[in-house]
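First comes the structure, then the notes that go with it.
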Amino acid sequence: LAPMATSAGTFRCLRRQDLVQSLAQLRQLLRHCQTFSISSRLRTKSLDEENEDNSQERMAELRIVGCLALAAFLGSLGVPLAATSGAWLWAAALSGFAAANIVLLLNYQRL
């Protein structure tokens with residue numbers, strides 16, 4: 001949990017900056033997917049194996065980041081819904097789920 005710890009090794013809570021950074025990454029991911037789909041139409045079918053492996057790795061990476069971002073977003077949307085219906089344990093579980101996915105996104109960015 002390196003992004004969620006301070007330099008002194010103590011745990012810190014999610015900040016607004018973390019949320020903004022995650023949303024900026026999601027926006028960049030969506031732009032890249034849009035650019036990738038346009039550029040993939042323009043590419044020829046004569047790709048050598050190395051380029052094909054690199055493109056497959058990029059697509060796998062985009063899929064992982066996209067799934068983590070979607071899970072974090074949907075988990076954070078479920079918290080107010082569970083809280084308004086009075087399911088406080090679900091609200092706590094969903095907030096933990098969203099926070100865990102945000103931490104995974106931040107850790108994945110550092111790789």
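- Between A72 and A98, the closest heavy-atom pair is O-CB, 3.7 Å.
- Clustering ILVMFWY residues whenever any of their side-chain heavy atoms sit less than 4.5 angstrom apart, transitively, puts V103 in a cluster other than the one holding F73.
- Scanning both residues, A69 and L105, for their nearest heavy atoms gives CA-CD1, 3.7 Å.
- L81 and L74 are not part of a single hydrophobic cluster, where members link through side-chain heavy atoms under 4.5 Å apart.
- The side chain to side chain contact (heavy atoms under 4.5 Å, CB included) with L68 is formed by just one residue from the set L70, V65, I64; it is I64.
- Contact between V79 and A91 at its shortest, heavy atoms only, is CG2-O, 3.8 Å.
- Residue N107 holds its CG atom at 12.5 Å from CD1 of I102, rounded to the nearest 0.5 Å.
- With contacts defined as side-chain heavy-atom distances shorter than 4.5 Å, the pair F97/N101 qualifies.
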